[in-house]
**Student:** 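What follows is a structure written as structure tokens; I'll ask about it next.
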Amino acid sequence: MRNMSKQEKFSHGSDRIPPGQSLTRRFPVLHEGSPLNFDPATWRLHVHGRVEKARELSWKEFAMFPRETALSDFHCVTSWSRLDNQWMGVPFGVFAGELGVCEDAAFVRFADHQGYDTSIPMKVAMEKGVLLATHHDGEPLSPEHGGPLRLIVPQLYAWKSCKWVVEIEFMAEDRLGFWELRGYNNEADPWKEQRYS
Ligand SMILES: Nc1nc2c(c(=O)[nH]1)N[C@H]1C(S)=C(S)[C@@H](COP(=O)(O)O)O[C@H]1N2
Ligand SMILES: [Mo]
């Protein structure tokens, strides 16, 4: 990820904006359905599939995982890009490492509380900058932006960054998610404009 000075960022912004995208300084809210009604006492993260041991993590247990801060850009397929988001959360690679993921897990699927889901290859999930995020720009994630927990995959279009994650499934074979079943491209690389299939 590039780290540019403010001046540089705004004079050469265009080489950080993928083709067909335009810059926004706002932080739009975009989703299907409604935010999760978060109760730390009853919240659970269901982890299953190709892992050594399926788990139901409580909020307290999830809070034990080490967190990091990472700066990244966010590109929505509807064409807005928001640069320099400061996310804090558990690096997905650290999370997967602690859970003992089976060797044949080639994909990982994330789902919310109301049937939205999406998947990415494990190879991408393990890259730097992919976070199970709890904070944005220094504040706990608001319900509209996916609080208490969302995925952040800065290298792909933002529909892969599942909000309100309550389920993580490790898979040997891929399965199409909510938008991927409705015509979005499963690769979703904004630099290749992989918007629709
Ligand atoms: N659970 C869930 N996650 C979701 C979505 C959704 O509808 N449901 N929409 C996706 C899309 S298309 C985008 S652009 C981003 C928007 O994130 P934001 O509202 O925090 O800007 O969330 C993604 N994650
Ligand atoms: Mo989006």
Side-chain angles (χ1 to χ4, degrees), residues 16-39 43-48 57 59 62 69-90 92 95 107-121 124-125 129-169 171 174-197:
R16 291 177 64 192
I17 301 173
Q21 295 291 111
S22 46
L23 185 64
T24 179
R25 301 252 188 102
R26 297 180 311 116
F27 191 8
V29 169
L30 208 64
H31 55 250
E32 300 292 309
S34 355
L36 173 73
N37 205 341
F38 173 51
D39 175 355
W43 184 92
R44 293 290 181 277
L45 178 59
H46 180 204
V47 186
H48 65 113
L57 295 168
W59 186 248
F62 183 76
T69 297
L71 207 62
S72 61
D73 301 340
F74 198 61
H75 311 293
C76 171
V77 70
T78 64
S79 92
W80 53 270
S81 289
R82 189 182 198 276
L83 305 184
D84 290 324
N85 298 278
Q86 191 209 278
W87 302 103
M88 183 170 81
V90 180
F92 186 80
F95 182 78
F107 299 90
V108 55
R109 177 182 155 267
F110 301 85
D112 77 0
H113 56 298
Q114 56 196 337
Y116 184 94
D117 65 349
T118 189
S119 65
I120 55 175
V124 175
V130 178
L131 295 181
L132 290 167
T134 56
H135 290 67
H136 175 265
D137 287 352
E139 301 286 339
L141 280 174
S142 66
E144 306 79 65
H145 286 298
L149 183 68
R150 79 176 299 167
L151 180 69
I152 286 299
V153 192
Q155 51 276 70
L156 302 180
Y157 281 122
W159 84 78
K160 294 285 188 183
S161 292
C162 185
K163 307 205 271 196
W164 314 299
V165 171
V166 290
E167 180 188 349
I168 300 179
E169 179 181 1
M171 311 186 295
D174 201 6
R175 278 207 321 269
L176 295 181
F178 181 89
W179 281 121
E180 292 85 354
L181 283 169
R182 289 163 178 79
Y184 283 23
N185 189 308
N186 196 28
E187 312 287 315
D189 182 342
W191 297 98
K192 296 182 185 158
E193 280 210 87
Q194 293 170 328
R195 297 173 191 270
Y196 309 105
S197 53

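Start at 1 and go down the list; that is how both ligands and their atoms are numbered. The structure presented is a predicted model; accordingly, all values stated were derived computationally and were not measured.
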**Student:** By side-chain hydrogen bond (donor to acceptor under 3.5 Å, both in side chains), which residues pair with Asn85, not counting sequence neighbours?
**Tutor:** Arg82, His136
**Student:** Does the pair Glu144/Lys163 count as a salt bridge with the N-to-O cut at 4.0 Å?
**Tutor:** no
**Student:** List, ordered by chain and residue number, the protein residues whose closest non-hydrogen atom lies under 4.0 Å from any atom of ligand 1.
**Tutor:**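 These residues qualify: Phe27, Pro28, Val29, Leu30, His31, Glu32, Phe74, Cys76, Trp80, Asp112, Tyr116, His145, Arg150, Ala158, Trp159, Ser161, Cys162, Lys163, Trp164.
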**Student:** Answer yes or no: is there an ion pair linking Lys160 with Glu180, defined by an N-O contact shorter than 4.0 Å?
**Tutor:** yes
**Student:** According to ring-ring contact (aromatic ring centres under 6.0 Å, His included), who are the partners of His135, at least two apart in sequence or on a separate chain?
**Tutor:**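 So His135 forms no ring-ring contact (aromatic ring centres under 6.0 Å, His included) with any residue.
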**Student:** Using ring-ring contact (aromatic ring centres under 6.0 Å, His included) as the criterion, list what pairs up with Tyr184, not counting sequence neighbours.
**Tutor:** Trp159, Trp179, Tyr196
**Student:** Pair Arg195, Asp189 - check salt bridge (charged side-chain N to carboxylate O under 4.0 Å, His left out), show working.
**Tutor:** CA-CA 8 Å; Arg195 297 173 191 270; Asp189 182 342; over 6 Å; no
